[in-house]
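Shown next, in structure tokens, is the structure this report addresses.
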Amino acid sequence: MLFFNPADKLKIKTLVFFNWDETDFFRNSVAITDVNGTNFTNTQDFELRNKNRVAFGKLDFIYNISKTKMLKATTKYNNGNFNDNSNLVFNDNSTIENLQHQNTLFDQKISYTNNFKDKKVFLLTGRFIDEKTPQNYAINQFFYQDLFPSLSNANNVKQNSTNQMQFAGINAHLLDRKANGHLLELQLGNEYRKDKMITKFSLLEDSSVLVSPNGYQNETKYQVNNLYLKSKYRLKIKDFGIVGKFNINQLFNRLENNDALSSQNPFFINPSLGFDWKINDKNKITSTYSYNTTNAKVLDVFSDFVLTGFRSFSKGTGNFNQLDASSVVFNYQLGNWTDRFFANTFILYSKNHDFFSTNTAIQQNFTQAEKILIKNREFISVNSKLDYYFKFISSNLKLDLGYTKSEFKNIVNNSNLRQVTSNNYNYGFELRSGFGGVFNYHIGTKWTTTEIETTINNSFTDNLSFLDLSFFFNKNLDFQLQSEHYYFGNLQTDNTYFFLDFDARYKLIENKLTLGITGKNLFNTERFRNFSISDIGTSTTEYRLLPRFVLLKLEYRF
């Protein structure tokens, strides 16, 4: 990063970096599907090599017009090229995948700030973004005979996609803090976004294109213009505050799907009302209710199927949609962060009056998921944290308790609409020392229980425990030791793992030269397995890890 001061009122900051990287990734998995009379097991042995080249530049231009006025411009440019090659053995079939994709981003933001009166600020912001993310995907196998039975001689597939997004927006923002502590905020603005998504899916015999099948090609152009007015007012009465928000949105939507043109002009209001109450120095309560309407994104509205993985297709609704949701947030705080005892409880409840779900066809060699609009989905999350400081051992005990429940509905393999309920529990504790000497420790453990309830019920409990030791021998020499223990409850074998790392540093020259040594995976664990569940079955995944290594480091500060 470079800094320039061509004039007293002008500052220029620049940042440029280039990155070349090559990574290897290994994963084995066994997925068992058991849903609506469909039962099968898929095995995958996956090896990926990723090569990427990224160039990024940023320019900040700051001009102080006067003591109360400032102009700032930020320009960003990013260019990335990525090449992913994988060797996949799927159910004993050797498969080669290749994904070439790029990312080109130009982002220009200009803002003007004027503190025109005491406690009154006016901000004017303009922004323009242009982003392109083309992709070319190819796989040397043909797994979709059941989808295209007439093409028995097809032996590979490819998909080319063009994705482009343009955004332009302007926002005028006024903040006015009253003498009595009340705060008024007003925003008036307009945001225009245009998304272009073109995908072409083809079936090949060797290098000859046999067909680009109907229903698997997309040419989507989606334009959204949002003219909005946002208002917020905070009313403060001693230790009690009321915050009200009222946002007005007038949208102008235009959708072109494969030459079929449609438009709509929805109008909606998003209100919110909340309060915060400082009962006394030890007790604080905050709560908010909000009703929110959101507009569908481009990935929700395209009309034909897109290949999203070597065996998965997805499809949007092909129509405009606005989704409504209500939410209530409650937070209670007992004590303060610096007190010997501190407790915090957070509760979130939300209801999606309508939401996007899926109508999915699942077969052993492929899945096809089509987005559908469903009514009523609920979500609740409760989390409590308690901290207590024990003087006689100079250590802080932290308890963490959490519960999350979510409900949604979907259709699988022509079933009726299914109710799916997910419950997650987490509970654990940590003990951290605050000794003034050479040695300190941090120890803890956490259990996580996951349950899925639908036409089939699954559950399991995992545990993570850790012990970290720190030694600060003097201002120049320190040593850190980190250990972890993993236990996966639903794995019958290889369900326990231990990891040990260390890091030591010695300052040869204060704030200039540091010598370090780092050791990773000292127990030399070669593979790591975990288990997951969903509403259609279970999956066991195994990852190959880097072997034990020790690295000598030398750091120099200019």
Side-chain angles (χ1 to χ4, degrees), residues 42 44 46 48 50 81-88 90-91 93-104 131-165 195-222 255-261 296-319 356 358-372 411-413:
N42 281 338
Q44 295 184 36
F46 181 75
L48 172 69
N50 169 260
N81 285 278
F82 309 89
N83 191 355
D84 302 337
N85 289 285
S86 71
N87 184 5
L88 168 66
F90 175 65
N91 292 341
N93 292 316
S94 179
T95 304
I96 303 297
E97 293 178 280
N98 176 256
L99 174 63
Q100 296 179 348
H101 52 115
Q102 294 82 39
N103 174 263
T104 303
E131 183 176 26
K132 299 180 178 70
T133 55
Q135 294 184 352
N136 296 314
Y137 176 76
I139 177 172
N140 72 338
Q141 289 282 2
F142 180 63
F143 292 111
Y144 324 120
Q145 289 88 354
D146 292 338
L147 281 176
F148 311 102
S150 62
L151 297 169
S152 58
N153 52 341
N155 56 23
N156 69 101
V157 303
K158 69 177 182 180
Q159 179 176 269
N160 299 326
S161 64
T162 301
N163 306 290
Q164 182 177 2
M165 185 275 289
D195 288 277
K196 183 178 180 180
M197 173 181 156
I198 300 174
T199 65
K200 183 176 181 180
F201 175 69
S202 301
L203 311 180
L204 296 86
E205 181 181 11
D206 299 327
S207 59
S208 300
V209 176
L210 298 177
V211 67
S212 296
N214 293 330
Y216 295 82
Q217 319 301 320
N218 285 278
E219 185 171 348
T220 300
K221 298 177 183 177
Y222 186 44
L255 175 62
E256 185 177 350
N257 262 327
N258 299 334
D259 297 327
L261 181 62
K297 309 300 183 183
V298 66
L299 294 180
D300 304 318
V301 300
F302 64 94
S303 58
D304 286 354
F305 283 105
V306 172
L307 185 66
T308 56
F310 80 97
R311 58 179 294 270
S312 58
F313 296 86
S314 67
K315 178 182 179 181
T317 64
N319 294 306
F356 287 126
T358 54
N359 181 359
T360 307
I362 300 177
Q363 301 296 328
Q364 185 161 19
N365 287 340
F366 70 89
T367 64
Q368 284 199 145
E370 179 180 354
K371 284 191 177 181
I372 55 176
I411 299 173
V412 178
N413 286 357

*Is Phe46 close to Phe310 at the side-chain level, that is, under 4.5 Å between some pair of heavy atoms?*
no

*Evaluate the criterion side-chain contact (heavy atoms from CB on, under 4.5 Å) for residue pair Asn365 and Arg311; output intermediate values, then yes/no.*
CA-CA 6 Å; Asn365 287 340; Arg311 58 179 294 270; 5.7 Å; no

*For Thr133 and Asn103, test the side chains for any donor-to-acceptor distance below 3.5 angstrom and give the result as yes or no.*
no

*Can you tell me if Asn98 and Asn85 form a side-chain donor-acceptor pair at under 3.5 Å?*
yes

*Do Gln102 and Phe82 have side chains that get closer than 4.5 Å, going by heavy atoms?*
no

_Determine whether Asn87 and Ile96 satisfy the following criterion, side-chain contact (heavy atoms from CB on, under 4.5 Å), listing intermediate values before the conclusion._
CA-CA 5 Å; Asn87 184 5; Ile96 303 297; 3.8 Å; yes

*asked:* Between Phe366 and Phe305 (judged by ring centroids, cut-off 6.0 Å), do the two rings come close enough to count as a pair?
replied: no

*Apply salt bridge (Lys or Arg N to Asp or Glu O under 4.0 Å) to Lys132 and list each qualifying residue two or more places apart in sequence or on a separate chain.*
Asp130

*List the steps, then state whether side-chain contact (heavy atoms from CB on, under 4.5 Å) holds for Thr199 with Phe302.*
CA-CA 10 Å; Thr199 65; Phe302 64 94; over 6 Å; no

*For Tyr222 and Ala296, indicate whether the former's side chain and the latter's backbone hold a donor-acceptor pair under 3.5 Å.*
yes

*Taking all atoms of both residues into account, what is the closest heavy-atom pair of Ile362 and Asn413, and its distance?*
N-OD1, 2.6 Å

_Listed partners of Asp84 passing salt bridge (Lys or Arg N to Asp or Glu O under 4.0 Å), at least two apart_ = none

*Hey, what do you get for CG (Asn257) to CD (Glu219), rounding to the nearest 0.5 Å?*
9.5 Å

*Check salt bridge (Lys or Arg N to Asp or Glu O under 4.0 Å) between Lys196 and all other residues, then give those that pass, not counting sequence neighbours.*
none

*Say whether Asp304 and Asn258, considering side chains only, have a donor N or O and an acceptor N or O under 3.5 Å apart.*
yes

*asked:* Between Phe90 and Phe143, is the ring centroid distance below 6.0 Å?
replied: yes

*asked:* Test side-chain contact (heavy atoms from CB on, under 4.5 Å) on Gln141 and Leu88; report intermediate values, then the result.
replied: CA-CA 11 Å; Gln141 289 282 2; Leu88 168 66; over 6 Å; no

*Listed partners of Phe142 passing ring-ring contact (aromatic ring centres under 6.0 Å, His included), at least two apart*: Tyr144

*Is the backbone of Gln364 close enough, under 3.5 Å, to the side chain of Asn42 for a donor and an acceptor to pair up by distance?*
yes

*Starting at OG of Ser314, measure out to CG of Leu307 and round the result to the nearest 0.5 Å.*
9.0 Å

*side-chain hydrogen bond (donor to acceptor under 3.5 Å, both in side chains) partners of Ser86, counting only residues at least two apart*: Glu97

_OG1 on Thr360 to CD1 on Ile411, rounded to 0.5 Å_ = 9.0 Å

*Which atoms form the tightest heavy-atom contact between Leu203 and Pro213, and what is the distance?*
CG-CD, 4.3 Å

*To the nearest 0.5 angstrom, please state how far the OG1 atom of Thr162 sits from the CG atom of Asn218.*
12.0 Å

*For a side-chain hydrogen bond (donor to acceptor under 3.5 Å, both in side chains) with Lys371, tell me which candidate from Thr358, Asn319, Asp300 qualifies.*
Asp300

_Counting only heavy atoms not in Asn93 (residues, nucleotides, ligands), do more than 12 fall under 6.0 Å from its CG?_
yes

*Which atom pair, heavy atoms only, marks the closest approach of Ser303 to Lys315?*
O-CE, 2.8 Å

*salt bridge (Lys or Arg N to Asp or Glu O under 4.0 Å) involving Asp195 - partner list, sequence neighbours excluded*: Arg193

*Got a second to check how far Glu370's CD is from Thr317's OG1, nearest 0.5 Å?*
9.0 Å

*Atom pair CD1 (Ile198) and NZ (Lys221), whose distance is rounded to the nearest 0.5 Å*: 6.5 Å

*Determine whether Met197 and Leu299 make a side-chain contact, defined as any pair of heavy atoms from C-beta on separated by less than 4.5 Å.*
yes

*asked:* Please find the pair of heavy atoms, one from Ser202 and one from Val209, that lie closest to each other, and give the distance.
replied: CB-CG1, 4.1 Å

